[in-house]
Amino acid sequence: MAKVEIIDSKKKIEDLVKKLAKQRAFVFNIEVEEKASFPVKLLGASFCFEKQKSFYVPCLKSEILNFKSIFENSKILKYGHDLKRNFEALKHAGINLDGATFDTMIAAYLLNPGAKTYKLENLIPTKFGEKITPEEELTGKGRKKINLGQVAMEKISLYSGERAEAVWRLVEVLKEELRENELLKLFENLEMPLLPVLAEMEIDGVKIDARLLKKYSKQAEKDLEKISEKIFKLTKTKFNLDSPIQLREVLFEKLKINPAGLRRGKTGISTEAGELLKLKDTHPAIDLILGYRELSKLYSTYLLALPKLIDSSTGRIHANFNQTVTATGRLSSSNPNLQNIPVRGEMGQIIRQAFVAPSGFKILAADYSHIDLRVVASLANDKNMIKAFRAGADIHRETASQIWNIPAEKVTPELRQAAKTINFGVTYGMGARALALGAGITLDEAKQFISKYFTVYEGVKNFLEETRQKAHDLGFVETLFGRRRYLPEIYSPVPQIAAEAERMAINMPVQGTAADIMKLAMIKIAVGLPKISSSSKMILQVHDELVFEVPDRDVKKVAEFVKETMAGAAKLKVPLASQIEVGKSWGKMEHLET
DNA sequence: AGACTCACG
DNA sequence: ACGTACGTGAGTCTC
């Protein structure tokens, strides 16, 4: 077991600072006490810059400042596992981490983006065949979990020092693996530069109008109560509307509604909205149940939950933007998920109106338009689709026009919608059956439709076939920038499993390339924005949309800068376009002409 | 802990 | 005749 030296005097701290100042690189890890996933207290820091030897400094916020000049020196490289957390812990103590160039969590993610977790205690055994102490062993888990702050310093020092030393060895191994798999450039030029950008977004957070949410949550409570009573009266039963099992009993056993043609889940007939909609005309309660479901969802997930996540010290919501979760390279958001805030319907607008700009500021949102389909056109090198995008055409109208051989201005809304469904479906590896369902046409019509589509967009047809082939040949697919997704299921003897893997194979290069482009745009914007408008902040990313908080008088120049930077983030065979909207809140926006 | 449902792109 | 398209996170019920 590696030795952990405890640094518990002024003299020892000074000596360690001197040693660190001489290093080309070191591993560090800040230990903090958390309360409800917020860091509340700094406990100490471990360091390592050679095998078999690490240091642990039990210290408070004030004492870590002894290391400030080291952490802020970009010439001394910093390695770690989950550096975004460490970046934030240091920022809390007044230190701006610089020179963070190797995060083993992100490296492990790029090497296998399908893994369940990237915990160090899972990673070390697979790479070195040795065990390290899991966090659980110190804090316990589940309801009995205690704070790290309640654990003895000696235990934490061994735990933290051991991890720092393991990370030091891990860096070499993972760097070589990244190189072998041609992922090193993506790691160095995209993921690592993105890390501080995400950290700043999390630290800045987004301002929430809690009063507005509280007002509408009271209203929603009353409405839910009223709807419930009506449903109970109509069904002559009082039951828990939130229980699909009870609802199933009432609808199909008590009321004897015929469930023929409805989808079945593992436990019985499905009661999801799409299925209930088919029963709309069989009973007056169905409509009310759908209304109840919709309101109840918004009430519990947003109106009720969001105010609870406002940080009392900043008055803002600080979500996590996770960099090592998705199989395709997208970000994810949690605690809360700010990437699924409602947008449709009246209540969606109300909830978005609670995402506000502080006084003197505006919310500015920039959306890539049709980025997935532009990526398809470019990756597939499809002549017709590229031409349409270069001409600045309404792509769905243009698709309809070409497929049915009619002038663009003769395309009806229905035809445009059908074309939209297939353009959309292409990126999912959609089959005729799904198209028939999605576009409301027969299976035969769908087959004909697809066949014509592939005649018009022959490049797309070939691209899809080549992508499938590549997945079979190599066992992985990749984005324009070399991000990979391994798909071992593609070799499954079970046809359904193999087919699922094929659809993933088709979707990943498209969704993933779009994600890469957005990440590049975010990095460029984060670098340039302070020079354009020093108090503007990038606060949210929703896959193809970036949201900013901008001082009133800077709106125009920020809009221009963001638009230009997003367009120039990557060089595709088609232009990258974006839409800019501005408003006092995320719910009341107006289009901005730039 | 897993199933179900549903919010988003 | 039929299981019904990609990627997420969260609230609730049930066991």
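Chain letters run A, B, ... following the sequence lines, proteins first and then strands; every chain starts at 1. Keep in mind that the numbers below use all heavy atoms, side chains included, and drop hydrogens, waters and symmetry copies. Please read all numbers here as calculations on a predicted model, not as lab measurements.
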Q | Between P of C:dT12 and CG of A:L247, the distance in whole Å | A | 17 Å
(Q) Does anything in residues 473-493 of chain A come within less than 4.0 Å of DNA chain C? Heavy atoms only, and list the residues if so. (A) A:R485
Q: Could you tell me whether the phosphate oxygens of C:dC13, OP1 or OP2, come under 4.0 Å of any side-chain nitrogen or oxygen in A:N240?
A: yes
Q: Round to the nearest Å and state the distance from A:D516 atom CG to C:dG7 atom P.
A: 16 Å
Q | C:dA1 - base-pair partner by Watson-Crick or wobble geometry, distances under 3.5 Å | A | none
(Q) Nearest whole Å is fine: how far is C:dT4 C1' from A:I450 CD1? (A) 13 Å
**Q.** Between C:dC6 (P) and A:I422 (CD1): distance, integer Å
**A.** 16 Å
Q) Rounded to the Å, how far apart are A:D372 CG and C:dC6 C1'? A) 9 Å
Q) Between A:L443 (CG) and C:dG3 (P), how many Å, whole number? A) 15 Å
Q) How does protein contact run along nucleotides 2-9 of chain B, one letter per nucleotide 5' to 3', with B for base contact, S for sugar-phosphate only, - for none, heavy atoms under 4.0 Å? A) -SSSBBSB
Q | With A:N381, the side chain to side chain contact (heavy atoms under 4.5 Å, CB included) member among A:V460, A:N462, A:I386 | A | A:I386
Q. Are A:E549 and A:K207 close enough for a salt bridge, meaning some N to O gap below 4.0 Å?
A. no
Q. Between A:V477 and A:M504, does a side-chain contact (heavy atoms from CB on, under 4.5 Å) hold up when you go through it step by step?
A. CA-CA 9 Å; A:V477 287; A:M504 293 174 194; over 6 Å; no
Q: Can you figure out which of C:dG7, C:dT4, C:dG11 approaches the side chain of A:N507 most closely?
A: C:dG7
Q. How many Å lie between CG on A:L295 and P on C:dG11, as a whole number?
A. 16 Å
Q) Want to settle it: does A:G425 or A:L304 sit nearer the 5' end of DNA chain C, counting the closest nucleotide to each? A) A:G425
Q) If you look at every strand shown and take non-hydrogen atoms under 4.0 Å, does A:R433 touch a base, only sugar-phosphate, or nothing? A) base
**Q.** A:E465/A:K470 ion pair, N-O < 4.0 Å
**A.** no
(Q) Please tell me if A:S243 has a side-chain N or O lying less than 4.0 Å from either OP1 or OP2 of C:dT12. (A) no
(Q) Between A:E275 and A:K278, does any side-chain N to carboxylate O distance fall below 4.0 Å? (A) yes
Q) Distance from A:K588 atom NZ to A:F355 atom CZ, nearest 0.5 Å? A) 16.0 Å
Q | C1' atoms of B:dC6 and C:dC2, separation to the nearest Å | A | 25 Å
Q: Would you mind reading off the distance between A:Q496 atom CD and C:dA1 atom P, rounded to a whole angstrom?
A: 20 Å
(Q) By the 4.0 Å heavy-atom rule, please label A:L331 as base, sugar-phosphate, or nothing. (A) nothing
Q | Salt bridge flag under 4.0 Å for residues A:R485 and A:E478 | A | no
Q. So what does A:A327 touch, heavy atoms closer than 4.0 Å: a base, only the sugar-phosphate, or nothing?
A. sugar-phosphate
Q: Any chance you could lay out the side-chain contact (heavy atoms from CB on, under 4.5 Å) test for A:T326 and A:Y109, step after step, and finish with the verdict?
A: CA-CA 9 Å; A:T326 71; A:Y109 165 67; 3.5 Å; yes
Q. Between A:D394 and A:R416, is there a salt bridge with N-O shorter than 4.0 Å?
A. yes
(Q) A:E272 and salt bridge (charged side-chain N to carboxylate O under 4.0 Å, His left out): which single residue from A:R264, A:R263, A:K297 fits? (A) A:R263
Q | Touch class at under 4.0 angstrom, heavy-atom based, for A:T427 against every strand present | A | nothing
